[in-house]
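Some notes on the structure that comes next.
The first residue of the sequence shown is numbered 1, and numbering continues consecutively from there.
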Amino acid sequence: MTSILKTLNSFQLFNKCLMPRLDMMAVLTRGKKQNPPPKRRHPEWLPKPTHVPYDEALTEANKEFLSEYVTHNEGLHTPLKSPLNTELTQPSAPWSPNTRRTGLIGRKIGVYPMWLKNGKRVITTLIQIVDNEVVKYIPPEEYNPVMRSKHKNVKVKNGCLVLGAINVDPQQLTKEYFGIFDKAGVTPKKVLMRFTVSPNAALPPGTPLYAAHFKPGEYLDIRGKTVDRGFQGVMKRWGFKGMPASHGVTKTHRRPGNIGSGGELSRVVPGTKMPGHMGNRWRILKGVKILRVNTKYNVIWVLAPNIPGEINTLCYLYDTILPTKKNTSPHFPTYFHDKQTDELPEDLYVDDLHVFSDPTIEFQPES
């Protein structure tokens, strides 16, 4: 009896010593920065409410004229000729490895195989740059992002560029939302995204951005939302093996089983793998290489089949932050189509990529 009591006392003491360590491990494995809980918002596939268009008393002839004008000028406003962009400002300082230029808003349009010159088959993802324009620039004095830091006074040295993508009909927008683009002098956009940039990489409103902003051979960081799977069990969400499907097992084939919360613990440890919502989370894929750029349709081929998101979803494209793959000579602050004296070819390829117009690669058998 005495030995049993000693064993129980030692076990209780072990639990009391283990409890704070378990709490600390839970904080480290499931912190707010590493794995934040998904925000409660409507999924992307849910139909959005449609606004009743304003009655502007336009005749059929006026509508045809507006559609022809928009098609001819690629938008309501001519590129680089918005009211706030009479002259394109030059960067105040040249590019350096510490500067940060803007990114692009891309749309994932599919997966495509390509071949290298050594005969290796690789899988690439096509990302199209759709109607990207600068809507607003926020200088560092006015840019106050939410900084998660223990210090109260956090100085922000970089500014912010607001980019828009995908032109929309102004009659389908509210007057408040249309006022953002009317003030900037750009075509109304469906999507707005922010990019942190250095002050010398700022661009005036109305500046169009093309796929030639990036060069073949450069590396990108792509940020997108994963596929929304909804509420899933532990086998699909975490890859559990499941219970045996033999005689004697009753309705526990796909259940997680014991989660180890008995005894003095009497609670679920934060970070325990359990059923729940899967997908619809922001993820960043770093160090993705560009293999091909099409300047006519603004399409980029990247060497990665696992870009986050479904087909036709939007994503962020940044210059990579990996120190061994940083760009050395990018177009700074961006590629200006009207300012370039030499026109770029329709397709730009990386050096080790096999072009389909070239002769077929043939390898002689080893003797």
(Q) With side chain to side chain contact (heavy atoms under 4.5 Å, CB included) as the criterion, how do Y137 and V197 come out once you've worked through the C-alpha distance, each side chain's angles and the decisive distance to 0.1 Å? (A) CA-CA 10 Å; Y137 171 68; V197 297; 4.1 Å; yes
Q: Kindly compute the distance separating CZ (R292) from CE (M114), expressed to the nearest 0.5 Å.
A: 5.0 Å
**Q.** Listed partners of Y318 passing ring pair (Phe, Tyr, Trp, His ring centres under 6.0 Å), at least two apart
**A.** F195, Y316
(Q) Treating K273 as the side-chain partner and P256 as the backbone partner, does any N or O pair qualify as donor plus acceptor under 3.5 Å? (A) no
Q) Quick one: does D319's side chain have a donor or acceptor within less than 3.5 Å of a partner on N327's backbone? A) no
Q.
For the residue pair T187 / N167, report whether a side-chain donor-acceptor contact shorter than 3.5 Å exists.
A. no
Q | Backbone N/O of W301 and side chain of T124: donor-acceptor pair under 3.5 Å | A | no
Q: Identify the heavy atoms of L209 and L163 that sit nearest to each other, and give their distance.
A: CD1-CD1, 3.6 Å
Q.
If I take atom CG from residue D347 and atom OH from residue Y349, how far apart are they, to the nearest 0.5 angstrom?
A. 4.0 Å
Q) Yes or no on side chain to side chain contact (heavy atoms under 4.5 Å, CB included) for I109 and I127, after CA distance, side-chain angles and deciding distance? A) CA-CA 6 Å; I109 59 177; I127 301 177; over 6 Å; no
Q: For P188 and F181, work out which heavy atoms get closest and say how close.
A: CA-CG, 3.6 Å
(Q) To the nearest 0.5 Å, what is the distance between CD on Q128 and CZ on R107? (A) 5.5 Å
**Q.** Verify same cluster id: V355, V122 (apolar side-chain graph, 4.5 Å)
**A.** yes
Q: Decide side chain to side chain contact (heavy atoms under 4.5 Å, CB included) for V162 and M193; before the verdict, give the C-alpha distance in whole Å, the side-chain angles of both, and the deciding distance to 0.1 Å.
A: CA-CA 6 Å; V162 181; M193 293 184 179; over 6 Å; no
**Q.** Cluster link W115 to L353, ILVMFWY, side chain under 4.5 Å
**A.** yes
Q | I105 backbone acceptor or donor facing N132 side chain under 3.5 Å | A | yes
Q: Inspect the contact between D131 and K189 and indicate whether a charged nitrogen and a carboxylate oxygen are less than 4.0 angstrom apart.
A: no
Q | L161 vs V134, side chain to side chain contact (heavy atoms under 4.5 Å, CB included): CA-CA, chis, key distance, verdict | A | CA-CA 7 Å; L161 270 181; V134 179; 3.6 Å; yes
Q.
Within the 4.5 Å heavy-atom criterion, are L348 and T295 side-chain neighbours or not?
A. yes
Q.
Quick check against the 3.5 Å criterion: does E218 have a side-chain atom that pairs as donor or acceptor with the backbone of K215?
A. yes
Q: Decide whether D228 and H277 meet the rule of one side-chain donor and one side-chain acceptor closer than 3.5 Å.
A: yes
**Q.** cation_pi(R101, W95) dist<6.0 Å, angle<=45
**A.** no
Q. Under 3.5 Å, side chain of D169 to main-chain N/O of Q172, donor-acceptor pair present?
A. no
Q. Does a sphere of radius 6.0 Å around CG in N312 hold more than 12 heavy atoms from other residues, nucleotides or ligands, not counting ones at 6.0 Å or beyond?
A. yes
**Q.** T334 side chain to H331 backbone, donor-acceptor under 3.5 Å
**A.** no
Q: Report whether V130 and V191 are members of the same hydrophobic cluster (ILVMFWY, side-chain heavy atoms less than 4.5 Å apart, transitive linking).
A: yes
Q. Short question: side chain of S67, backbone of K63 - any donor-acceptor pair under 3.5 Å?
A. yes
Q. What is the minimum heavy-atom distance between I123 and P305, and which atoms define it?
A. CG2-CB, 3.6 Å
Q) G233 and P275: which non-hydrogen atoms are nearest, and at how many Å? A) CA-CB, 4.1 Å
Q: Starting at CZ of R194, measure out to OG1 of T102 and round the result to the nearest 0.5 Å.
A: 13.0 Å
Q.
Within this structure, what is the CD1-CD1 distance for the pair I284 and I222, rounded to the nearest 0.5 Å?
A. 11.0 Å
Q.
Show the nearest heavy-atom pair for residues A211 and V293, with the distance to one decimal.
A. O-CG1, 3.8 Å
Q: For the pair T226 (side chain) and P308 (backbone), establish whether a donor and an acceptor sit closer than 3.5 Å, ignoring hydrogens and angles.
A: no
(Q) Please check this pair: side chain of S261 against backbone of R267, looking for a donor-acceptor N/O pair closer than 3.5 Å. (A) yes
**Q.** Reported OG1-to-NZ distance for the pair T196 and K157, which is rounded to 0.5 angstrom
**A.** 14.5 Å
Q: Over all heavy atoms of both residues, which pair between G159 and P140 is shortest? Give the atoms and the distance, please.
A: N-CG, 3.8 Å
Q) D352: what forms a salt bridge (charged side-chain N to carboxylate O under 4.0 Å, His left out) with it, not counting sequence neighbours? A) K289
Q | K108 atom NZ, over 12 foreign heavy atoms within 6.0 Å | A | yes
